[in-house]
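Structure first, then comments.
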Amino acid sequence: MTTLLVGQPLDLARTLQSGQAFRWRPVAVDGGEWWHGFLGDEPVLLQQRAQRASKDVALDVRCRSGAEDEVVRRLRSYFRLGDDLPATYRRLRRDPHLADAVARLHGMRLLRQEPWECLVGFLCSGHNNVKRIMLMMERMADAYGTPAPLYGVARNAFPTPERLTKAGERALRGLRLGFRAAAVAHAAQAVAVGSFPLAALREWPYERAKAALVELPGVGEKIADCVLLCSLEKPEAFPVDRWVRRAVEEWYGVKPGMGRNGKPRKEATHEEICAWARARFGRDAGYANQYLFQGRRTEEREVGGMRRVET
DNA sequence: TCCTCTCCTTGCTT
DNA sequence: AAAGCAAGGAGAG
């Protein structure tokens with residue numbers, strides 16, 4: 001077992017359940033509660049030490065023997081420990097809505113994920129909920145991934161584009177992906193044969209990379225921005241889903257502008273909201289987005305006189 | 001050309 | 001128990 005000194009705010013559970021990544025799950029190992037997941041093909045178990053001051057945050061790490069150094073390197077990248085989150089918090093807290101979200105969700109970090117798994121996860125996100133996205137991802141891994149047992153936890157690495165191409169749309173429907181099966185199958189084929197240079201998008205400018213992603217069936221602006229923000233190093237990306245849209249419209253009064261035909265639109269466009277967010281949050285737009293999303297999704301609300309919290 | 005409406009699978013919640 | 005709903009996208013009109 002290794003230990004990773006984090007030296008930054010990190011709430012492991014909040015981060016891994018924040019709806020960015022879909023393959024982390026709690027497991028019991030040797031009588032302790034751990035998080036099991038993958039860094040690429042490398043299986044890992046993570047446990048957060050009791051947290052006192054943020055400088056004391058440490059992660060206990062279990063991985064295949066011999067892989068420790070590589071895993072620790074990947075963890076620093078995965079949790080974006082190079083981001084100065086306290087400095088970001090200081091700027092975001094000037095905004096009362098974000099101050100509240102930061103207070104409730106302290107330690108939730110953006111992740112730097114592997115692009116292929118990230119793309120498939122968000123391809124499955126449309127008209128769906130997080131629990132079922134995780135189910136779909138797990139079924140794909142169970143059926144087509146490579147076994148990677150660790151401390152008695154038998155799970156498979158997420159399947160490569162080649163493996164999912166071989167599986168095909170029909171089989172993916174069998175895994176109950178529904179209408180998303182065609183999009184996943186198409187993306188797998190495009191990445192596998194090299195007609196879609198997913199990994200190279202990391203080096204491309206934001207607009208060009210987004211334009212390329214949107215060409216994929218099943219990828220619109222929202223999913224493109226998710227993949228760009230969470231795996232392709234594009235801090236300008238500001239995914240606008242129903243939660244973020246509601247937060248921006250209700251909390252900040254952002255209204256739709258005029259259409260080209262002079263009539264007011266029903267909703268603000270992605271571009272309008274994205275431009276507004278860049279102007280308001282600047283370089284913190286990515287973290288602001290994640291805190292608005294999760295803050296809105298988990299806020300307490302009055303329903304029939306009962307206080308309840310969405311999970 | 002731009003905007004809006006409807007449909008698309010499945011499974012959990014009310 | 002039937003209906004509603006969930007990190008959207010695409011095609012029709």
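Both backbone and side-chain heavy atoms feed into the values below; hydrogens, waters and symmetry mates do not. Letters go in sequence order (proteins before strands), and every chain restarts at 1.
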Grab the [atom1]-[atom2] distance between [X] and [N] for me, whole Å please.
X	N	atom1	atom2	result
A/L177	B/dC8	CG	P	17 Å
A/H127	B/dC7	NE2	C1'	9 Å
A/W243	C/dC5	CH2	P	12 Å
A/N129	B/dT14	CG	C1'	15 Å
A/H186	C/dA10	NE2	P	11 Å
A/F179	B/dT6	CZ	C1'	13 Å
A/M134	B/dC12	CE	P	12 Å
A/N128	B/dT9	CG	C1'	9 Å

Nearest-nucleotide wise, let me know which of A/E215 and A/P239 is further upstream toward the 5' end of DNA chain C. A/P239
[atom1] atoms of [N] and [M], separation to the nearest Å:
N	M	atom1	result
C/dA7	B/dC3	P	26 Å
C/dG8	B/dC2	P	25 Å
B/dT6	C/dG4	P	14 Å
B/dG11	C/dG9	P	22 Å

Remember a base hit wins even if backbone is also touched, and classify [X] as base, sugar-phosphate or nothing at under 4.0 Å, heavy atoms.
X	value
A/V244	nothing
A/R173	sugar-phosphate
A/G19	base
A/L216	sugar-phosphate
A/Q290	base

Does [X] place a side-chain N or O at less than 4.0 Å from the phosphate oxygens OP1/OP2 of [N]?
X	N	value
A/K131	B/dT10	no
A/R297	C/dA7	yes
A/R176	B/dG11	yes
A/R242	C/dG8	yes
A/R132	B/dC12	no

I'd like to know if the side chain of [X] pairs up with that of [Y] as donor and acceptor (distance under 3.5 Å, no hydrogens or angles considered).
X	Y	value
A/D95	A/Y252	yes
A/Q294	A/R14	no
A/T3	A/D60	yes

If you measure from the Lys or Arg side-chain nitrogens to the Asp or Glu carboxylate oxygens, is any gap between A/E271 and A/R278 under 4.0 Å? yes
A/D100/A/R104 ion pair, N-O < 4.0 Å: yes
Would one find more than 12 heavy atoms of other residues, nucleotides or ligands at under 6.0 Å from atom CZ of A/R64? no
Would you say A/D142 has more than 12 foreign heavy atoms packed within less than 6.0 Å of its CG? yes
Candidate nucleotides B/dT9, B/dG11, B/dC5, ranked by approach to the side chain of A/K266 - the nearest: B/dC5
What is the pairing partner of [N], taking Watson-Crick or G-U wobble pairs with both distances under 3.5 Å in any strand?
N	result
C/dA7	none
B/dT9	none
B/dC2	none

